[in-house]
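Here is the naming used below: chain letters follow the sequence lines, and residue numbers restart at 1 for every chain. In what follows, every heavy atom counts, from backbone to side chain, and hydrogens, waters and symmetry copies are set aside.
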Amino acid sequence: MNQEEPSTTESDSKDFIREIIDQDLASGKHSSIVTRFPPEPNGYLHIGHAKSICLNFGIAQEYEGRCHLRFDDTNPAKEDQEYVDSIKADVRWLGFDWNEHLHFSSDYFQQLYDWARHLIQAGNAYVDDLSVEEMRSYRGSLTEPGKNSPNRERSVEDNLALFEAMKNGDFDEGAKVLRARIDMAHPNLNMRDPVIYRILKKHHHRTGDQWCIYPNYDFTHGESDALENITHSLCTLEFENHRPLYEWFINNLPVPSQPRQIEFARLNLTYTVMSKRKLLQLVEEQLVSGWDDPRMPTLSGMRRRGYTPESIRHFCGRIGITKFNSTTDVALLEHSLRDHLNETSPRVMAVLDPIKVVITNYPEDQVEEMEAANHPGDESFGKRKVPFCRELYIERNDFMEDAPRKFFRMSVGREVRFRAAYFIKCEEVIKNEAGDVIELRCTYDPETRGGNNPPDGRKVKGTIHWVSARHAIDAQVRIYDRLFSVENPDGEEGSFTDYLNPDSLKTLSNCKLEPSLAEAGSGDRFQFERLGYFCRDSEDSEQLVFNRTVPLRDSWGKQQRK
RNA sequence: AGCCUCGUAGUGUAAUGGUAGCACAACAGAUUCUGAUUCUGUUUGUCAAGGUUCGAAUCCUUGCGAGGCUACCA
C-alpha cells in the first residue's frame, strides 16, 4: 500500500485543474507553476483547508514549481497574530513547506494604494459618500439594475484629493469609500461599482496604525497574486461570481503578471460542520473544550485526536477535485486513518472497563514475562514483555453469562485464549449482592504457554486481551465519537447545535493499561488490541490520558446491532 | 425572478464520440493468537425527453433538480 502517492498508484487521470496546468505548460503560456494558499488569519484551519493546502502545495511539488503561504490580512477588525501562528504550525504539521515564500497581503498596502490612484486617474474609480443603506438601495437587486451614485461623476482631481484625505484620516469610519467605476446595470452584482477601499480606524497586527484605509478582498487578492507571479489562483466555488472582477482589475492595472483564477468545490463531510462561524460558535458556547477539542474538524483538533498528517494527505488525494458541490462520507476519512494507523501503530493491551479474573490453579507468587509481538504484520516492530500473574483484568464485555453460540469470548465453562499468554477456562462467576459480576474464577492450561495450541490439538474460537492486575497502570481514556448525530447538521430544522451527539465524549477513569504504556510520550499512538487506535493526550500531561482516535472495524458489534 | 456553476451506484470520483471503471460503504465467504488486518466474491449508476451520429455519460435543444451571488467580510 502506498499512502503517499494515490494519483500514481490508482490511475493516471488528472483533475480538471491539473489538466489546465498541463495545457498551459504545453502551450508555453507558462514555463513554471506558482500557486498559493491564502488563509485569512481569523480562525483555525480545518480539514476543508487541508484539501486546499494539499491541492496547492501538491501541485507545486508535482510540477516542481512553488507554493506561497500568503495571509490575506486586509481586515484588521478580525485578524490576529495568534491565528497566523497556528496556521503556520498546522501547514507545517500537514507536511508542507513554503520555504522563503511567506507573504502577507499587508505587505502590498502601499502598492495597492498606488494602484487605486491609478484607477482614479484613468476614471475607473471614485470616492463615494453614500451610506451603507443608500448604497444597498442604489445597487438594485438580482433582477433589477442598479442606479448610479450621485458622486459617480466626480472629477479625477476631486477623487484624488478625497482619497488622499481618506488616507490621512480626515473622515470618520464609514463616511466615504472608494469604488471601482464599472457598470451599475451589470447582471453580476459584484460588477456594480464594488467598494474597494474602506476607512477602518483599527490597529493592524502587522502594519500597526500606519493605515486607516484598507483595501478589501476583491481589490487585494488578484493583485497580490500578480505581484507574486502566481500562475494559477485556486479558490472555492463561492468566488466564481468574483472572477469577472478579478479579471477586470488585472486588465485595468499595470500588474507584472496575469494570474488565472480557477474555482473548485469545497469539502463537506458527513456528521460535521465546516464553516468558521459555526466552529467558532461551538468554541464560544463551550459546546467543545476549544479549537483543539479532539471532536473538532480543525487540524489542531484532529492532531490531538491522533490523526496522522499522512492519513489526511492521503484522504485529500483520493477525494478528487471537481466543481460539483458534494458531501464526502466521513467513513472515507476514517478509512485513510485506519489504514495508516494499522501500518504504523505498535499494539498494546489495555482494559477499559475491567472485570477481575483469578486463575485459581496458577501459583500465588509467580509472575511470568510473556513475550508479545508489537505488530502482527511487521516484525520490525519487535517484541515486548508483558507480565502475567494470578490476578488479571479483562474487558467486562468479553464475558457473558448466557452467551449465544456465536459469542466467542468468555463464559462459564468456555475456554478462550488470553493473547500471548495461555488458554483460560472460566469455571465460576462471583457476584455481589446487587447481582453484578465482580470476579471470574478461571483455570489455565500450562501446556498452552505463549498462547499456543496444546499438544492434544484442542482449539479455541476466541482470543481476548488482558492486563495483570498487580502490574497494571491506571489511566483515563476518552472515548470520542462523531460530534453530530445526523449526517447533515446544517440541513436540519432549527440550529445545528440541536443535533450535537450527546455521546460524543465518554470519559473512562478506571482503565487498566499494560505497564509498558507508562513510558508513552505526548501524542504517541498505539493500537489497543481489539479496541481501536489511541494516542496519549498532548495537553493533559499531569495524569495519564489517552484519546481514542478511531475504533477498529467491528463486524461482531455490527452484527449485534442488527 | 436575473446571472454564474453543476447533475455518473448509497457516498466520493474516472471514462475527453468507441466495452461505464475505481475507492469507500454494504453484503457474503476464506484466512487469522486482534470478531482487526489480509484475500476472494456479490449488489447497486449515466436527472428526464427529444435531436445529431454507425455509435452519446460525453455534442445540440428543452425541461427538471442542486449550489452560489443583492457586506464598507474573506
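- Put simply, the side chain of H314(A) and the base of rA23(B) share no donor and acceptor less than 3.5 Å apart.
- A salt bridge does not link E371(A) to R384(A): none of the charged nitrogens lies less than 4.0 Å from a carboxylate oxygen.
- One interatomic measurement links the two molecules: NE2 of H335(A) to P of rA36(B), which rounds to 14 Å at whole-angstrom precision.
- F16(A) places its CZ atom 11 Å from the C1' atom of rU5(B), with the value rounded to the nearest Å.
- Looking at R409(A) and E395(A), no side-chain N of the basic residue comes within less than 4.0 Å of a carboxylate O on the acidic one, giving no salt bridge.
- A straight line from CZ of R266(A) to P of rA66(B) spans 20 Å, rounded to a whole angstrom.
- Whole-Å rounding puts the R198(A) CZ to rC73(B) P distance at 4 Å.
- Side-chain contact annotation: H242(A) with D218(A), donor-acceptor N/O pair under 3.5 Å present.
- Taking atom CG on L280(A) and atom P on rC73(B), their separation rounds to 18 Å, with Å as the unit.
- The CZ atom of R277(A) sits 17 Å away from the P atom of rC73(B) (whole-angstrom rounding).
- Comparing rA71(B) with rG50(B), their C1' atoms are spaced 45 Å from each other, to the whole Å.
- Taking atom P in both rG65(B) and rA1(B), one finds a spacing of 10 Å when rounded to whole Å.
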